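Excluded from the calculations below are hydrogen atoms, water molecules and symmetry mates; all remaining heavy atoms, backbone and side chain alike, are included. These numbers were taken from a predicted model, which means no experiment stands behind them. Chain identifiers are assigned alphabetically (A, B, ...) following the order of the sequence lines, protein sequences preceding nucleic acid strands; residue numbering begins at 1 within each chain.
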Amino acid sequence: MLFDVNNLSSGDTAWVIMSAALVLFMTPGLALFYGGMVRAKHVLAMLMQNFFSMGLISILWVTVGYSLAFGGTGKWIGNFDFFGMKDVAKMYPADPSGVEWFSLFTIPPLIFMAYQMMFAVITPALITGAVADRMRFSAWVWFLGLWSILVYSPVAHWVFSPSGWLFEKGALDFAGGTVVHINAGIAALVLTVMLGKRKGWPQRPMPPHNLPLTMIGTGILWFGWFGFNAGSALVANGLAAQAFVNTNLAAAAAMLSWLAVERIKGGHATTLGAASGAVAGLVAITPCAGFVGGMAPVYIGLIAGVVCFFGISLKNKFGFDDSLDVIGVHLVGGIVGSMLLGLFSDKAINSVGADGTFFGGGATLLGKQAIAVVATLVFSGVMTFIIAKVLDIVIPGGLRVSEEDEESGLDLSQHAEVGYALQSQ
Amino acid sequence: MLFDVNNLSSGDTAWVIMSAALVLFMTPGLALFYGGMVRAKHVLAMLMQNFFSMGLISILWVTVGYSLAFGGTGKWIGNFDFFGMKDVAKMYPADPSGVEWFSLFTIPPLIFMAYQMMFAVITPALITGAVADRMRFSAWVWFLGLWSILVYSPVAHWVFSPSGWLFEKGALDFAGGTVVHINAGIAALVLTVMLGKRKGWPQRPMPPHNLPLTMIGTGILWFGWFGFNAGSALVANGLAAQAFVNTNLAAAAAMLSWLAVERIKGGHATTLGAASGAVAGLVAITPCAGFVGGMAPVYIGLIAGVVCFFGISLKNKFGFDDSLDVIGVHLVGGIVGSMLLGLFSDKAINSVGADGTFFGGGATLLGKQAIAVVATLVFSGVMTFIIAKVLDIVIPGGLRVSEEDEESGLDLSQHAEVGYALQSQ
Amino acid sequence: MLFDVNNLSSGDTAWVIMSAALVLFMTPGLALFYGGMVRAKHVLAMLMQNFFSMGLISILWVTVGYSLAFGGTGKWIGNFDFFGMKDVAKMYPADPSGVEWFSLFTIPPLIFMAYQMMFAVITPALITGAVADRMRFSAWVWFLGLWSILVYSPVAHWVFSPSGWLFEKGALDFAGGTVVHINAGIAALVLTVMLGKRKGWPQRPMPPHNLPLTMIGTGILWFGWFGFNAGSALVANGLAAQAFVNTNLAAAAAMLSWLAVERIKGGHATTLGAASGAVAGLVAITPCAGFVGGMAPVYIGLIAGVVCFFGISLKNKFGFDDSLDVIGVHLVGGIVGSMLLGLFSDKAINSVGADGTFFGGGATLLGKQAIAVVATLVFSGVMTFIIAKVLDIVIPGGLRVSEEDEESGLDLSQHAEVGYALQSQ
Amino acid sequence: MKLVVAIIKPFKLDDVKAAVQDLGVQGLTITEVQGYGRQRGHTEVYRGAEYTIDFVPKVKLEVLCEDGEATSIAEKIIDAARTGKIGDGKVWVVPVEGVWRIRTGEAGPDAL
Amino acid sequence: MKLVVAIIKPFKLDDVKAAVQDLGVQGLTITEVQGYGRQRGHTEVYRGAEYTIDFVPKVKLEVLCEDGEATSIAEKIIDAARTGKIGDGKVWVVPVEGVWRIRTGEAGPDAL
Amino acid sequence: MKLVVAIIKPFKLDDVKAAVQDLGVQGLTITEVQGYGRQRGHTEVYRGAEYTIDFVPKVKLEVLCEDGEATSIAEKIIDAARTGKIGDGKVWVVPVEGVWRIRTGEAGPDAL
Ligand SMILES: Nc1ncnc2c1ncn2[C@@H]1O[C@H](COP(=O)(O)OP(=O)(O)O)[C@@H](O)[C@H]1O
Ligand SMILES: Nc1ncnc2c1ncn2[C@@H]1O[C@H](COP(=O)(O)OP(=O)(O)O)[C@@H](O)[C@H]1O
Ligand SMILES: Nc1ncnc2c1ncn2[C@@H]1O[C@H](COP(=O)(O)OP(=O)(O)O)[C@@H](O)[C@H]1O
C-alpha cells in the first residue's frame, strides 16, 4: 500500500509520534517499577534486562520482526517484504483483498512501524518481573531475541494485521490484551516454573528494597499508557479521546477496588497495592480501550482490581515463584480485559468494533475473544517452553545462575556492578 | 452544546490529549517532589496520598464532579446533566445565552472533560504537603473526596465555566491561579492549623530525606506544567506557544530571584531553593499564562520568587507547621500571580482577556482579580474548616494519627510498609 | 519575516510545542544521569548545576541569546533585533535574500524561539559531567552565562541560521551535532584540563553512588531525545517520523555494540555500559537524524558505540580527569556523527540535504562537515579557554573549590545541603 | 577508659546528645542499626501477603570516656532516652584498653 | 555480662536469629557492615575500567548475654551461619561491665 | 585477643586499609557511622531556615588481632589516617575473650 503524502494529517502524525515516544518511555518505567521491588543486590540486573530490550528488539524489529508481523497478507505470519527496512518509508503494509485498513491511514508508514516497535520492545520486558533475581543474563539475551521473532511477531500478525486469522475472525484487541499482556503473561508462567523458585522463597521475606523507585515507575507507566491505548487509535480524534478517558478510569477504578480488598482483608491499604491495582486496571482496559464507553471502563477497572488481587495469591497456592506477579497482573488482567470486552463492547463507540453481550451482541464476541485468548495461551505457552528448554541445554550453565551468583546478587555476578555505593565515599 | 465532528481539529486534539497526559503526570511528580522532602519513615504515605488522588478523584469526577463544575448554566454551581458520564462523549457543556465559548471548541468534549479531570486530581494533592507526616490516611480519603465535590467543583464552576459568576464578572484565570493554587493553598492553611504541628517541630530538625527524589519531582512538574498552562489554550496555536514561553520564563526567573535572595540572606544558593523558586514561578504564572506577553513573565517570576521566599518564613513567625510550605508557595504564589495579572494583562496577547493597569486598563481588572481571590479564600477556607471539623469528629481517632503512629512513621502505621529495606538483604 | 497566522498548522504546532517540552525535560534527565554517577556527597551540586541552566539560560536566551543566534542576516553572528523578546511573537527570523526558510514555517515564531531555547539550556549543561565534583558554584554560574552568549549563540548562528556561514556553505547538522555536542564536548575538554583532576583520581575508585538514578536519567534522555531530533523537523510529517526512527535505532544499535565490546574486552556487559552506549548513539545520530534513512542509523549507532567506548579510555591514556566522560561520549560521538553524515547522507530522505559519499556525493559533503567540525572545535575551544582563564582570576578563590570543600563534598560546601539524610530520623 | 554504648529510639537522639553534652562529653559516634527485642516487630504487607518484620530502626551511640564517668553517662542517657514504652533500648559499658586521637597521636584521657 | 558479636553473610540472618531465639535470647541488634577478608572482593567495571572492590556486604549481630551463655550463643551462631564457603564470617566475645534497660532502669541480667 | 576500633575520615579508608594490610592483617570490617566531636558540624539550609547538623560522616573500622599486635595496628592506623586537621578521629582497643571463624569453627588466633 503506497503511502500518499496528500493523505497525511499533521495532527494525527503529531499524536502518533508522541504516542510512540510515550510507549518507549514505558519500558524504563517498567524497569523502575520492577527494579524497586527486587532486593538491592538485583536492582541493576532488573533494570538491565528491561533496557536491553530497548536495544535488541528495536534492531530485530526493523530487521525482521516488523516484516514478520506486518508483511504480506498471510493468515498465520507475515513475510520478508519489509526485511531490513526495505520500503518501510514509502509503503504501508498490504490490506487483504476487500478490506480497507492501512489504506485509510493518515500517518507516515514509518511512524506506524515505530509505534509497533515500541510494543515489541515492552512486551517481552514484562516477563522480566517473573524471572527476577535468578535468570542468567546471556540466557535472557537469547530468550528475548528468539521469543520476539518466534512468538511476538506471529501473535501480533494474527491480531493486529488485517489479514491475521484472529483479526479476520473478528476477535477484538484494541491495544494488546492478547498480543501484549496474555502473551507475555503466559510466557512468564512457563519460565517461572522452568526456572524454579528464588533461593529462600517463600520462607525468607524478600521485601521491595526501594518502593519510591517503584512509584516513579508507576507514574511513568500510567503516563506512557496513554500513548499505548489512546495512541492505538492512530488518529487524534474522538476515539483517541475515548481511549484516553477509558485508560485513566480503569486505572483509577482498579486502584480503588484493589485497595478496598486489601483494606477488608488485611487491614491496610498499601502503596504498592495502589500501584499494583492501577497497573492491573491499565492491563485490563488495554484490549477494550477503543471499544467501550460510558461507565464501562470503571466497571472493568473495578473487576480487574479485585480479580488480579486474588490472581496474585495463586502463586502461593500453587507454589510457583512469580517474583513480581507478572502472572497475577498481566496474565490474569489480560484475560479479564479480553473477556470483559465480550460483554462491554459497544459499536456506538467504535463502528469497526462489535456489540458485546450487554449491548445486544449475545455471546458471539465473547466466543471470539475466548478463541483469541486460548490461541495465545497455547501458542505462546508451548513456544516459550521450547525456546527455554533449548536454551537451558545450549547456554553454558543453563537458564539459571549458580546458587552463589544468586546469593551475591545478579548485579555483581552478571554485570560486575552494584546499584548503590557506600554513602560516605 | 452538541459536538460536531466536522469542527474537530486533529492538531488541537493531539495537543490537548497530550496536555491531559502531561497534567496527569504532574501528580506523580508532585508526589516525588514532596516525598523527597519528608523523613524516610513517611515517604510512602506521602506518595500514597498523592497517587490515591489519581484513583479517587478520577472516579468522582466522571460521576459527579465534572457535572457539578460544567453542567448547566447556573451562576454558582453546575448540575447533574453529565452525571455518570451521561452525554459527555457527544455534548460540550452549555454556553450561557449570548456567549460563544464551548461552541467554538475544536476538540472532542471527552478530552475536555479528561483535561479538566487532571486539574481536579492534582489540586487537592497539593494540600498533602501541608499535612505531611501526621494525617490519618482514612481521614485523608474522606477529606479528599468531600473537598473535591464540595469545594473544587463549585470554585471551578465560578471561574472556568462561562456561566460562573467570576467568569461573568470578568475575573481572569488562565490555568488555575484561583481554582487550583489559592483554593488548595487556603485549604492547606486551614488544615495545618487544625492538625497542629508535627511532633518535635520546630525544635528538632526534619531535613529532607532524599533531595534527589525531590529534584526528579521538580523536573516532572516543570515538564508537566507545559500541559497545564499551554494546554489551557485548548488549541495548538500562537496562544499555546505564548503560554508555553511564559511558563518557562516565569519558572526560570523565579528560580533566579529565589536563589539570589538565599545567597544574599543566607550565603548559599541551595538546590531545594532552585526547585522551590521554580515551582513558585510556575504557580504565579498559572493564572497569567495566556494573558501576558513580552518580558512580563520574567517580571512576574522574579517577583514570585522573592515574595514566596519570604512567604515561607510566615510559618516560623506565626508558628503553624506547614510542613512542606504549601502556603508559602501555592497560596502566596497563587495570590501574587492572580493580582499581578491585574497589572500585566494585555489584550494584544489574548483578545478575550483584558488590559491590566500597565496596559491602560486602570484598576478595573485588578479589582476583579481581588474579588476572585477573596471569594476563593473565604469559600474554600470556610468549607475546608467545616469538612475537617466534621471528619475530626466522625472518623475514629480523628484527623491525626496517634503520637506513637507518628513516631514510628506513617508508612508503617498507615500502610504497613516501609520505603526502603535493608540494603544487604 | 512576519508570521502569517493563515500558514499555521495546528498539527505541526502541537508537535513542536510538545518537542520543546521534551527537550526541556532532557535537562533534568541529564542531571539525574550525571547525578547518579558522582559520589553521594556531590549529588546535589551536580543536579544544581544542571537545573540552574534551566533558570539562567532561559532568561539570557530571551534577553539576548536568541537575538544573537537568529537576529538579522549576518554571516558570523546575529544582532539585537529580538532583544528582550522584541517582536518575537510576531516575527520569524529573517531569511537571507534568495533563500526561503523561515518563510515556509507553519508554527508560531514564539514556539520556534522556545524550542531553540531548550537547546541553549541543555548544551552547556552537558559540560557539567566533565567538571563534576570540583568546580565552584559561583564560577559555574558565570561560566554558564558567558559561554552561552559568547560561544553558544554564535555557533548556533553559523549552523542553524540560514544566513550563517556554515549553513550557507552547506554543512549539515540536523539537530545539533556541532552546535550542541562538539561545542559542549570541546568546552568540557578545555575545562577538564584547566581544572585538573579530582582529588584522588585515578588512584582511588570513585564508583557511581546510585546507578538506578542514572538509569532514570537515561530513560528520560532517550524519551526526550525524540523531541530533540524528530522535533527538529519542525513539522509533523514523514521527515519527523524518519528522524524519530533514526533516533531510536541509533540508540539501540550503539547500546548493543558498546555492550558487545565490553563483553569481549572485559567479560561483562554492564548496565552503565548500556546507558552509555545508548547516549553515544543518540549523540551520533543527532546531526544525521533527518538526513539518513534505511539501515544507516543502525550502522551509525554501531560505529558510535564502539568508537565512544574507546574514546572513553583516552582520558586514562592522556591522564585528564573527564569525570563522567563528556569528552568520550559527546565530543567523540558528535564528531563521529557529523563525519558519518558525510558518508550516509541521502537526498532521497531529505531534499534540502545533500548526498554523502555512499550516495554518489563524493567527498564534497564530507569536506564541509570537516570544516564545520574544525571550526566549532577551534572557536569553542579557544573561547572556553579565555572565559575560564578570566574567571579563574576574577572569581574569588578561582574556578576550583578548596581541597577541604572538595573532600567534604560540594553539596555541603557549595549549597549547605546533603542529598540524603539519616534513614532513621 | 570505658566505652558506653547505647541503643535508643531514633527520635530521642537529639535529647540524648544534649544530655551527654551537659556532662561535658565532647564527642560521640552514632550508627543506624536495627533492633530486635521485646518490642516485637510489626506486620508488613506485600501484595496481599503478610510477613513479620522483627527489626525496628534504632540508633546506636558510642561514647568513649574516662573510667569514672561511665556510670554517670549511662545514667544520663537512660534518663534522656526513656519514653517508658517498650523498645526504649539498652545501655552497656565495655572496658577499653587504650585510646588515641588520630590527629595528634595523643593517648589516653587526653585523646577524648 | 558479655557481648557476643558476629559478622555473618546477610542471607543467613534469618537462620541465625531463629537459632539464637531457640536459646532464649530475647533481643539483639544488627548493623549493615562491609567486610574485607580472605573472601577477596570482586572486580567491578566502570565504563571499561576495572577496579577491585575489597568489601563485601555483611551483617553484624550484637547480642548481650549473661556470662555463662556467651559460648553457647557463639556456637549456635556458628552453626546457623555456616555455609562452609569462604567469607562466612567471625564471632567474638567482649566483656561487658554493666547493662541497663532504658525503659525501666533495671541493671544487669534483668536488663536483657 | 583484641579488637582495634578506629573512627576515620571516609576518604582515608583506602590508605588505612593498605596500611594495615602491610602489617599482615587479613581481614577487617567497616561501618558507615556519623561522628560528633570537636570538628563541629556544619550549617545546613532548608528553605531559608538554617540549622546545625552536628554529625559528620565517618567510617568505623574494626580489626580483630592477637594481643601483641594491637598497638602496632593502632599506630599504623593513626599514621595512615592522619591529615592533621580536626576531625581525624579516634582509635581504641577493646579486650576480646574469644574469637571463632564461622566457616571452620576454628577458635582463637587461628580464627583470624
Ligand atoms: N540482648 C540484647 N543484645 C543486644 N541488643 C539488644 C538486646 N536486647 C535488646 N536489644 C536492643 O534493644 C532494643 C530494645 O529492646 P526491647 O527488648 O525491644 O525493649 P526494652 O529494652 O524496652 O525491653 C532492641 O530493639 C535491640 O536493638
Ligand atoms: N581480623 C578481622 N577483624 C575484623 N573482622 C574480620 C577480620 N577478619 C575477617 N573479618 C570479617 O569476617 C568476614 C569474613 O572473613 P573472611 O576472611 O572473608 O572469611 P572466613 O571468615 O571464612 O575466613 C570479613 O568479610 C570481615 O567482615
Ligand atoms: N568520646 C568519643 N566517643 C566516641 N567517639 C568519639 C568521641 N570523640 C570523638 N569521637 C569520634 O571521633 C571523630 C573525630 O573527633 P573530633 O573531636 O571531631 O576530632 P579530633 O579527633 O581530631 O579531635 C568524631 O566525629 C566522632 O566520630
Side-chain angles (χ1 to χ4, degrees), chain D residues 1-8 10-34 57-67 69-70 73 77 80 92-112, chain F residues 1-9 12 15-16 19 29-41 51-62 65 67-97:
Chain D
M1 311 278 290
K2 305 286 172 195
L3 179 70
V4 182
V5 184
I7 307 288
I8 62 170
F11 74 94
K12 278 291 187 183
L13 175 59
D14 288 315
D15 295 345
V16 172
K17 184 164 65 72
V20 297
Q21 272 177 296
D22 284 354
L23 282 185
V25 166
Q26 306 241 15
L28 52 84
T29 302
I30 64 165
T31 315
E32 297 200 290
V33 300
Q34 306 275 327
K58 301 277 170 194
V59 165
K60 175 178 171 184
L61 262 93
E62 290 170 291
V63 189
L64 290 164
C65 61
E66 294 190 50
D67 289 2
E69 301 167 344
I73 291 176
I77 292 175
W92 67 86
V93 176
V94 172
V96 169
E97 299 182 347
V99 181
W100 295 262
R101 182 194 308 282
I102 291 176
R103 170 164 49 94
T104 56
E106 287 160 285
D110 293 344
L112 296 184
Chain F
M1 312 280 289
K2 305 286 173 195
L3 179 70
V4 182
V5 183
I7 307 288
I8 62 170
K9 289 187 169 162
K12 277 293 187 182
D15 295 344
V16 171
T29 301
I30 63 166
T31 314
E32 297 201 289
V33 300
Q34 306 276 328
Y36 159 76
R38 275 182 188 70
Q39 175 198 14
R40 282 297 128 126
Y51 54 83
T52 312
I53 293 294
D54 291 320
F55 292 101
V56 206
K58 300 278 170 192
V59 165
K60 175 178 172 183
L61 263 92
E62 289 170 292
C65 62
D67 289 2
E69 301 167 345
T71 315
S72 57
I73 291 176
E75 278 164 4
K76 198 85 181 180
I77 291 175
I78 290 169
D79 272 7
R82 180 177 298 150
T83 69
K85 294 202 204 93
I86 216 159
D88 275 352
K90 313 283 172 195
V91 180
W92 68 86
V93 176
V94 172
V96 169
E97 301 182 347

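To the nearest 0.5 Å, the span separating CG on F:D67 from CD on D:E97 amounts to 7.5 Å. Note that CG of D:D15 is 8.5 Å distant from CZ of D:F11, once rounded to the nearest 0.5 Å. Taking NZ from F:K2 and CD from F:E69, the interatomic distance works out to 12.0 Å, rounded to the nearest 0.5 Å.
The two atoms that bring D:Q26 and F:Y36 nearest to each other are O-CE2, 3.9 Å, heavy atoms only.
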| message | F:K9 vs F:K58, test: side-chain contact (heavy atoms from CB on, under 4.5 Å). Steps then yes/no. | response | CA-CA 5 Å; F:K9 289 187 169 162; F:K58 300 278 170 192; 3.9 Å; yes
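Contacts of residues 83-94 of chain F with chain D at a heavy-atom distance below 4.5 Å involve F:G84, F:K85, F:I86, F:G87, F:D88, F:G89, F:K90, F:V91, F:W92, F:V93, F:V94, listed in sequence order. Below 4.5 Å, heavy atoms of chain D meet heavy atoms from F:T71, F:A74, F:I78, all part of residues 70-80 of chain F.
Of the options D:I8, D:L28, D:I30, D:V63, a side chain to side chain contact (heavy atoms under 4.5 Å, CB included) to D:V16 is made by D:I8 and by none of the others.
Using a 4.5 Å cut-off between heavy atoms, D:L112 touches chain F through its backbone atoms (N, CA, C, O) alone. For D:L13, the part sitting under 4.5 Å from any heavy atom of chain F is the side chain, from C-beta outward, and nothing else. Neither the backbone nor the side chain of D:E106 comes within contact range of chain F, judged by heavy atoms closer than 4.5 Å.
Among the candidates D:T31, D:V25, D:T29, the residue making the largest number of heavy-atom pairs closer than 4.5 Å to chain F is D:T29.
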